[in-house]
Structures are given as structure tokens and as C-alpha cells.
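To find a chain, count down the sequence lines: A is the first, B the second, and so on, and within it residues start at 1. Predicted model, so just to flag it, every value in this text is computed and none were measured. All values below were derived from every heavy atom in this structure, side-chain atoms included, with hydrogens, water molecules and symmetry-related copies excluded.
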Amino acid sequence: MPELPEVETIRRQLLPLCRDQVIDAVTVKTPYLIKNCTAAVFCDALQGRRVRHLDRIGKYLIWECEGAYPVFHLGMTGIFLQDRRESRYPQHIHVEIGFESGQALYFQDMRKFGKIWLYPSYPEIPTLGTDPITGRITPAQLLSWLQRRKTTLKQFLMNQTPIAGIGNIYASEILFESSLSPYRKTDEVTAAEAQRLQRAIGRILNDAIERFGTTYSAYRTVNGQSGENQNFLKVYQREGQPCVSCGEAIIKTVMGSRSTFYCPRCQK
DNA sequence: TCTGACCTGCGA
DNA sequence: TCGCAGGTCAGA
């Protein structure tokens, strides 16, 4: 599910709902989603804390409370809802955060691939690279990262260590936008191509944020609505349909056991 | 570097 | 009934 644009959409919508709110009670119904402490410790640690801010690095959502930093990774199907009645899968609401105001937020995750951690201070996530929206990635920096690796562009974009936040949908869309084949070897990319790729990363992700993310199945915004970006995808899930640029049929292939879509004529 | 496992719902 | 799905990680 949620890649960077979906997590950022959720962050932006959650922030006004929880900023400066004091947590009254936390209920955890699926304890194994919490990875570095027990559910009891998690709930106790958050009770009475005031939420100061929500931050995001890549696909990780970081709650900044006073003295406690719960971190959520939404996996494939994790979402936050402000109204339980908006849930299509109420049996999959795993965490409920109630505030002293009487309001509440609900973490739902149909496939339970989500993960939650609790930290006493702002967390360091060592395997996480630069966030392409909040961090600055120059074409020269990107070219340097590409030249140091021997992999394909698709797998480079999917790896969260150099750049954090790109997943399967946006990797295909970014490569189409930059006219680069998903099979291209990273160490063969030229400076001009790295510049195209750097611009495409920013454009594709920012456009998707403006459209509240991409909904295919479980992803919904905090108020339960679908995103809009699925209506603007140019290659993802368009196998056999004509390329919007040249008319050639879009190809679906599998790379690293993940579906990959590209135009064989436009992307070299 | 690659594959399978984790888990559930949906569509063919 | 089976294959597939937006992610990540352990193990081969």
C-alpha cells in the first residue's frame, strides 16, 4: 500500500486532528504489530502524552509526543481513520487512540503487514535513506549513488536505503516520466539521465500528494475517501493499453517478484 | 542477490 | 479455488 504520497497525505490529514491533543487511552487489539515492546508498555507510555507534531521519513510516520515517539509503518494496507464508521473492515482495526477531547483515531490494517515501534526520543532509522520530498537530492548526488551500485534502475528506486519512500507503483511511473527502462543498469546512467530521473522523482511524488495518493484497494484517506492519483497513472496497471506518448502497448513484466510496467519504445 | 514468508480480501 | 496485491525481512 502506502508509498510516500499516501503516507504524506495521511500525515497532513492527521496533523490537525491530533496536534496538541492529549492521549487519554490507547487500545491495542493485535499486540504483535508492536515490534519493540509489549502492548501494555506501549499503551501505558502514551497515556497522558500531548501530541506535538507528526513527522514522516519515507514511508514511516513518526508521532512526536512529549517524551514518547510511536512510529508507524503502514505495510501494504495500513490506514488511519477518524471515524470507525468509515471502516470497510472494522474487524481489522488494531489500534485505537482516544484523546481527552473525546475524539479518537483508528489504525486499520487488513493484511497486518504494518509495524509499530515506540521510542523514548526521536528515532534514528539507520537503513533509511534521504526523503525525496523533505530532503534535497541533487542530480550530482543521485548520479553518485547510481554509479556506486550495480543493479537495475527499478530495484534502485525500490531500495529504501538510498532514497526512502518510493514503492512499486511510483517506481514504474517515475521511470516512464524519465524515459528510462526499468532494466537499465545504474552504473550506465549518464549525468543527463540522472537529472531527468531526479526531476521525475520530485514531479511524480508531488503530483501524487496533490491528488491524495493512489487507491487500488485498501488505501483510503483519513476521512475514508479514495485518493485520485490512480486516474493519472501512465503505465502502472496499464498492460496492453497504448502508451500515452507513442501509442505502443504497455508491457507488464516481473522484476524482483514485483510487477513492473513500462513502454518498450519510450523507455531506453 | 533472490525467494519465500508474513496475512487477508478480491476477482477471474 | 487460485493467483495476485501498494512492503519488508530473514535465510539460502
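- Between C/dT8, C/dG7, B/dT8, one nucleotide has an atom nearer to the side chain of A/Asn168 than all others, and that is C/dG7.
- Under 4.0 angstrom from either OP1 or OP2 of B/dT8 there lies at least one side-chain N or O belonging to A/Lys112.
- Each of A/Ile174, A/Ile169, A/Ile166, A/Ile209 was compared with A/Ile204 under the side chain to side chain contact (heavy atoms under 4.5 Å, CB included) criterion, and only A/Ile174 meets it.
- Spacing between atom NZ of A/Lys35 and atom C1' of B/dC6 amounts to 9 Å, rounded to whole angstrom units.
- The CD1 atom of A/Ile169 sits 17 Å away from the P atom of C/dC4 (whole-angstrom rounding).
- Both tests pass for A/Arg211 against the ring of A/Phe232: distance under 6.0 Å to the centre and angle within 45° of the axis.
- Between the side-chain ring of A/Phe113 and the base of B/dC6, a stacking contact exists by the 5.5 Å and 30° definition.
- Rounded to whole Å, atom P of C/dG7 lies 13 Å from atom CD1 of A/Ile10.
- Comparing C/dG7, C/dA5, B/dC7 by their nearest atom to the side chain of A/Glu3 picks out C/dG7.
- Contact check, A/Gln108 against B/dG9: no side-chain N or O comes under 4.0 Å of OP1 or OP2.
- Between the C1' atom of C/dA5 and the CG atom of A/Asp109 lies a distance of 13 Å, rounded to the nearest Å.
- The nucleotide whose nearest atom lies closest to any side-chain atom of A/Tyr236 is, among C/dT8, B/dT8, C/dA5, C/dA5.
- Using a cutoff of 4.0 Å between basic side-chain nitrogens and carboxylate oxygens, A/Arg220 and A/Glu86 are not scored as salt-bridged.
- Considering only heavy atoms from C-beta on, A/Ile79 stays 4.5 Å or farther from A/Leu74 through its side chain.
- With distances taken from any side-chain atom of A/Met158 to the nucleotides B/dG9, B/dC7, C/dG7, the minimum falls on C/dG7.
- Using a 4.0 Å heavy-atom distance criterion, A/Gln230 is classed as making no nucleic acid contact.
- Between B/dG9 and A/His92, a contact under 4.0 Å exists linking OP1 or OP2 to a side-chain N or O.
- At a threshold of 4.0 Å, the pair A/Asp20-A/Arg52 counts as salt-bridged, since one of the basic side-chain nitrogens sits closer than that to a carboxylate oxygen.
- The nucleotide whose nearest atom lies closest to any side-chain atom of A/Gln155 is, among B/dC7, B/dC2, C/dT8, B/dC2.
- With a 6.0 Å radius and a threshold of 12 heavy atoms from other residues, nucleotides or ligands, A/Arg84 has its CZ atom above the threshold.
- Out of B/dT8, C/dT8, C/dA5, the shortest distance to the side chain of A/Lys252 is found at C/dA5.
- One finds the NZ atom of A/Lys234 at 8.0 Å from the CD atom of A/Glu173 (value rounded to the nearest 0.5 Å).
- Across all strands shown, B/dC7 has no partner, as no Watson-Crick or G-U wobble contact with both distances under 3.5 Å is found.
- Within the 4.0 angstrom heavy-atom criterion, only backbone atoms of the sugar-phosphate kind lie near A/Tyr89; the bases stay farther away.
- Atom-to-atom, CG of A/Leu74 to C1' of B/dC6 comes out at 17 Å; the value is rounded to the nearest Å.
- Separating the CD1 atom of A/Ile79 from the P atom of B/dT8 is a distance of 16 Å, rounded to the nearest angstrom.
- Of the residues near DNA chain C, A/Met110 and A/Lys115, the one whose nearest nucleotide (by heavy atom distance) lies more toward the 5' end is A/Met110.
- Positionally, the nearest nucleotide of DNA chain B for A/Tyr32 lies more toward the 5' end than for the other of A/Arg88 and A/Tyr32.
- One atom, CG of A/Leu33, and another, C1' of B/dT8, lie 13 Å apart when rounded to the nearest Å.
- The CZ atom of A/Arg111 sits 10 Å away from the P atom of C/dG7 (whole-angstrom rounding).
- Looking at heavy-atom distances under 4.0 Å, A/Thr151 makes no contact with the nucleic acid at all.
- Close to B/dG9, at under 4.0 Å from its OP1 or OP2, lies no side-chain N or O of A/Thr77.
- Separation of the P atoms belonging to B/dC7 and C/dG11 is 16 Å when rounded to the nearest angstrom.
- Contact annotation: A/His73 does not reach the phosphate of C/dG7 (side-chain N/O to OP1 or OP2, under 4.0 Å).
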